[in-house]
K.L.:
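Below is one structure. I have some questions about it.
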Amino acid sequence: MIRIVTLSEFPPDVIDFVSRRIHAAYGMGCEFEGEGDVPRGAMDDEQSAYDAVKIVEEMDDDVALYADDKIIYLINEPLIEPEGPMGRGPVDGYAQYGGGKAVVTAHGLGEKGSLPLDVGLAKRAAHYVGHLWDLHHCFDPRCAMHPGWSPGFTQYPEVALCLFDREKSERKIKLGST
Ligand SMILES: [Zn+2]
Ligand SMILES: [Zn+2]
């Protein structure tokens, strides 16, 4: 089961849309669990953004009832990642590769040149859920695993996986549900 926890306020129909699209993309149940609080200390005052890695690492995962449960946290505020080769920059989300938790922001969606809130959030969420099953970035611009910073990502509003990623996720899901 994929469990959605909101860390900001979202219209219920948007959350409903996101969960239905994730369910369709992975063929796995996806439910809204409720609201959570951003862990204290995840705020980066200097950049007035949240540290995506800290959120994922410090969030309580007690909504995960089974070992193969995945939790996706949705937030409105901007996210940043710790210092990396590309610097300390804004990100649209962060996932524990092959792990259980991911965070995705709706920040920037609905603006000019970007996808609308519902579609954009569903696509970003599907992308980071994919990373939880070890899916890597994909060259196919129609695939949800295409990187969010690429212009191709905003060109295709459908939440879809290419054949390769669909099959890989199906194998991972089968392996996980023992
Ligand atoms: Zn990615
Ligand atoms: Zn793909």
Side-chain angles (χ1 to χ4, degrees), residues 2-7 17-28 30 42 44 47 49-57 59 61 69-111 113-176:
I2 301 159
R3 301 179 190 276
I4 296 176
V5 174
T6 52
L7 304 178
F17 183 90
V18 170
S19 73
R20 279 186 284 122
R21 285 302 179 279
I22 293 179
H23 171 78
Y26 293 100
M28 194 189 205
C30 181
D44 186 303
Q47 308 220 21
Y50 284 105
D51 186 316
V53 179
K54 277 190 189 160
I55 289 183
V56 162
E57 278 168 7
M59 276 307 288
D61 54 5
D69 274 359
K70 307 284 185 194
I71 311 169
I72 182 117
Y73 302 102
L74 302 179
I75 193 165
N76 266 324
E77 284 73 24
L79 294 175
I80 46 168
E81 258 191 3
E83 199 80 54
M86 311 278 282
R88 188 175 167 85
V91 285
D92 58 7
Y94 168 77
Q96 296 170 317
Y97 264 76
K101 294 187 282 181
V103 63
V104 172
T105 179
H107 188 72
L109 294 173
E111 289 172 10
S114 173
L115 288 170
L117 175 63
D118 52 358
V119 179
L121 193 59
K123 238 190 131 172
R124 283 181 182 176
H127 180 96
Y128 286 95
V129 166
H131 284 324
L132 293 177
W133 277 301
D134 270 330
L135 299 188
H136 296 287
H137 284 164
C138 180
F139 286 112
D140 185 345
R142 291 161 301 181
C143 177
M145 294 317 294
H146 196 64
W149 39 259
S150 157
F153 195 83
T154 40
Q155 265 172 327
Y156 297 94
E158 294 83 28
V159 183
L161 290 172
C162 68
L163 191 62
F164 176 85
D165 285 320
R166 174 169 278 273
E167 287 180 347
K168 186 172 175 183
S169 69
E170 281 170 359
R171 275 198 308 277
K172 294 276 175 179
I173 291 167
K174 222 183 263 174
L175 281 172

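Read the numbers this way: they start at 1 and go in the same order the structure lists the ligands and their atoms.
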K.L.:
Test of understanding: with ring-ring contact (aromatic ring centres under 6.0 Å, His included), list the residues that count as partners of Tyr97, not counting sequence neighbours.
P.N.:
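With neighbours one apart ignored, the set is His131, His136.
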K.L.:
With a 4.0 Å cut-off, would you call Lys174 and Glu170 a salt bridge?
P.N.:
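Not counted as a salt bridge, because no side-chain N and carboxylate O are separated by less than 4.0 Å.
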K.L.:
Among the N, O or S atoms of His131, which one sits nearest to the Zn ion (ligand 1)?
P.N.:
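Among the N, O or S atoms of His131, the one closest to the Zn ion (ligand 1) is NE2.
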K.L.:
Without placing hydrogens or testing angles, list every side-chain donor-acceptor pair under 3.5 Å for residues 155-163, not counting sequence neighbours.
P.N.:
none

K.L.:
Ignoring waters, how many N, O or S atoms from the protein are under 2.8 Å from the Zn ion (ligand 2)?
P.N.:
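With waters ignored, the protein N/O/S count below 2.8 Å is 4.
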K.L.:
If you measure only the distance, is there a donor-acceptor pair under 3.5 Å linking the side chains of Asp51 and Tyr94?
P.N.:
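No donor-acceptor contact under 3.5 Å links the two side chains.
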K.L.:
Is there side-chain contact between Met145 and His127, with heavy atoms separated by less than 4.5 Å?
P.N.:
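Touching, per the 4.5 Å side-chain cut-off.
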K.L.:
From the N, O or S atoms in His127, identify the one nearest to the Zn ion (ligand 1).
P.N.:
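Of the nitrogen, oxygen and sulfur atoms in His127, the Zn ion (ligand 1) lies nearest to NE2.
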K.L.:
Among residues at least two apart in sequence or on other chains, which ones pass ring-ring contact (aromatic ring centres under 6.0 Å, His included) with Tyr26?
P.N.:
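Only Trp133 meet the ring-ring contact (aromatic ring centres under 6.0 Å, His included) criterion with Tyr26.
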K.L.:
Might you point out which heavy atoms bring Val104 and Leu79 nearest each other, and give the distance in Å?
P.N.:
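Between these two residues, the closest heavy atoms are C-CD1, 4.2 Å.
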